[in-house]
Amino acid sequence: MMGCPLSSGRTSRLVALAAWLIIYARPSVAAEITWGGNFIGEGRYFLHGPALLGQNPARVQPSASGELKIALKALTPWLDCLANPYGRFDYYDSGRRIFDPHVIKCRIQVGKGAIEIGYDVQFWGVMEFVNPANVLNQRDLTDDLVTKRRLGAPMASFVWPVGSGTFEAYVVEYFRPLQFPSVEGRLRPALPVDTDATTYESSWRRAHPDLALRGTATLRALSLALSSFSGYSPDPDFVLGVTSAMAPILLPSYHLQHQLGLEAQLTLGALILKSEDVLRLRWDGDYDTYAVGVGAEYELGVHVWGDETVTFLAEYHRDSRPRTLIVPFTNDAFGGARLGFNDRRSTEITAWTSLSFDDHKIGLVAVDASTRIVDGLMVALGYRQIVDSTGPFSSIAADDYLSLRVGGYF
Amino acid sequence: MRPPTVKTPRFSTSLGIIAASLLGSALLGGSARAADGLQIFQEAARRDSGYHHYRADVTMVLKEKAATLSSRKLEVANLEAKGGGARSLIIFDSPADVKGTKVLTASHLDSADEQWIYLPAFSRVKQISTANQSASFMGSEFSYEDLNSINVLVSKFTYTYLRDEVADGAPCFVVERRPKYDNSGYVREIVWVDKADYVLRKVEFYDRDAKPFKILTATGYSKYLDKFLRAGQMTMENLRTGKSTVLRWEQYRFGGAGVSEADFSASALKRQ
């Protein structure tokens, strides 16, 4: 079911392009090479046995992930390159096994602006929980229940500074579909997803180029961004199918859309107000949708709590699409707090919950705590509780878990 | 290559004028003292203006009593902004789990600062609140506020000249300054300003209860571009906990004629 994200032909073309750039640039002896990375071991302890047919009964499920980061700076006055591949291996769930080129790109300085070519990740948006504007890169759905991790995509970008902001243009190639947990995995839809049978609206299938323009401006405390995207929606529709054994199965289908986005953030001392909104116009004219997000952060400083700082987070998210496990938050509020100890171990505790206004139920509860044991060694504890056993979370209602992550950084 | 450490000149014409002025003002009332305190810092700012841009490598050593707990490495860059103010960029190099994280601060003469953070794990740039600038910086005895005030903006404080005094062997003006901005962790600071070079030698910080809190000493000044003095070492002692943090500044690189505010903008954080 898992598709290879990087075909050998595209890999060789990207490597050849990067090699040509580096040779053509005639690297100077002053070029600076820096490298680093991490290796993280994670164990998840599921509080309940599996509820779905085919799921592995192991309550403790280990996985390991790692990333490498190599930066070649000032190869010439106009050329820098960066590689930051990421991989994850899950012992039981093949759907969580992933290789992501993530970032393998070269940056060419062109006057005041820059062109970047290669695999890249762009983050758009201002919200903490749901980022509807963030459409260029696919989500790493198997990373966490509500993840910020995005998967790399082959793209070319052009960024030109304008006043206090930028003008940006993007061409994204070789669309990357969502990767789902396998039949054996936890936190999956009730029916297995057959990604081999994925359909695409464009006759070019995954090769259809996505195009985007974005303008940003920073006016002291106000940050604004307007974006226009034309290409694949990262969230698929699902069609019910059957296997050769006549078992029901979900078939993902990706449609093309124009998306107009607005991001705004106003920072007023300890208070941050923000909004992230999109309008989606489907190419097939089926139906248009929108998403609206509004939120606030408020920071209580060290004067109140001693050496610690507390940040309160509150957001509301409305999405006019149908509510599913892929789009679970359609009329939901989020509330949470982040406690920073401001110590040399960078100790931090974050807790949040979601509340659906459709059925007036709490959906999820999440708690995370992390600290640095010694330099280069971080440990993190996590807890995820699926409170609402109906609606979009019904298939994962038995998948509450505790996690322990130990990460070595170099 | 580092320029040689410069011997402190013992006297200068402008210094003589200001010193005479201060001597007279010692007999005057509070407003004269305030004006003198302000003059001292205006002169310090005047002497330091025109550097345009510099970068430096910083090693931060965290200590408890005599023991070294851990160290961090940073790169610090600073740009003089048009119309006053400054932009400073801190790039974290170690510990490895925060490597590549960047914090950009835009300091303004007439309004609150702005601050952005770049989180490399998510390729995300986020504007953050500056309300917590009195919080510890990376678990050290320095706060964000302390780091920002290295390139201090004169208009952010009120001043009162107190006395003359020798600090670390150097004759100094002793000036009290009080933060005018919100959310400072200090109610007042006593600053020793070198009479010859107008650089800070020592600062005593008093917390919001007006109790002695921290002491900063700056040593090992070197001159760059034949004009700009920068400390080689800053030590912050926490009087409450007995902990201290040493910042060792190395490899100052002044210049960068092509560097502009666009290079110190939120959108540039991802690209640097």
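Protein chains get the first letters and strands the later ones, always in sequence-line order, with residue 1 at the start of each. Everything numeric here is computed off the predicted structure, so don't read it as measured data. Below, each value reflects all heavy atoms present in this structure, side chains not excepted, and no hydrogens, waters or symmetry copies.
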Interface moiety of B:E114 toward chain A, non-hydrogen atoms closer than 4.5 Å: side chain
So which of A:S223, A:G165, A:A71 has the largest heavy-atom pair count under 4.5 angstrom toward chain B? A:S223
Side-chain H-bond candidate by donor/acceptor type, A:E42 with A:S65, under 3.5 Å: no
Is it the side chain or the backbone of A:V159 that comes within 4.5 Å of chain B heavy atoms, both, or neither? side chain
Tell me, out of A:A221, A:P161, A:G36, who's got the most heavy-atom pairs with chain B below 4.5 Å. A:A221
B:N238 side chain to B:E141 side chain, donor-acceptor N/O pair below 3.5 angstrom: yes
Which one wins on heavy-atom pair count under 4.5 Å against chain B: A:G408, A:A114, A:A270? A:A270
So, is the end of the A:R150 side chain (NZ or CZ) under 6.0 Å from the ring centre of B:F122 and within 45° of the ring's axis? no
Segment of B:V98 engaging chain A (4.5 angstrom heavy-atom cut-off): side chain
Structural part of B:D182 lying under 4.5 Å from a heavy atom of chain A: neither
Got a sec, which pairs hit salt bridge (charged side-chain N to carboxylate O under 4.0 Å, His left out) with one end in residues 113-123 of chain A, sequence neighbours left out? A:K105-A:E116, A:K105-A:D120, A:R107-A:E116
Distance alone, cut at 3.5 Å: any donor-acceptor contact between the side chains of A:Y86 and A:D140? no
Given a strict heavy-atom distance threshold of 4.5 Å, which part of A:E168 is in contact with chain B: side chain, backbone, both, or neither? neither
Can you tell me which of B:S111, B:S140, B:A121 forms the most heavy-atom pairs within a distance under 4.5 Å of chain A? B:S111
Polar side-chain atom of B:E204 near backbone of B:P212 as donor-acceptor pair, under 3.5 Å: no
Is the count of non-hydrogen atoms from other residues, nucleotides or ligands lying under 6.0 Å from B:K99 atom NZ greater than 12? yes
Per-residue tally against chain B (heavy atom, under 4.5 Å) across A:M378, A:R372, A:K148 peaks at A:R372
Which answer fits A:T267, side chain, backbone, both or neither, if we ask what part of it has an atom under 4.5 Å from a heavy atom of chain B? side chain
Which portion of B:S71 sits near chain A, non-hydrogen atoms under 4.5 angstrom: backbone
For chain B, the option from A:K112, A:E297, A:K69 that forms the most heavy-atom pairs under 4.5 Å: A:E297
Residue from A:G37, A:G269, A:G163 scoring the most non-hydrogen pairs under 4.5 Å with chain B is A:G269
Region of A:D343 that comes under 4.5 Å of a non-hydrogen atom in chain B: backbone
Does any donor atom in the side chain of B:E237 or B:S244 lie under 3.5 Å from an acceptor atom in the other side chain? no
State whether a side-chain donor-acceptor pair under 3.5 Å links A:N84 with A:E67. yes
Just grab all the salt bridge (charged side-chain N to carboxylate O under 4.0 Å, His left out) pairs involving residues 73-90 of chain B, residues at least two apart or on different chains. B:R55-B:E75, B:E75-B:R253, B:R87-B:E261
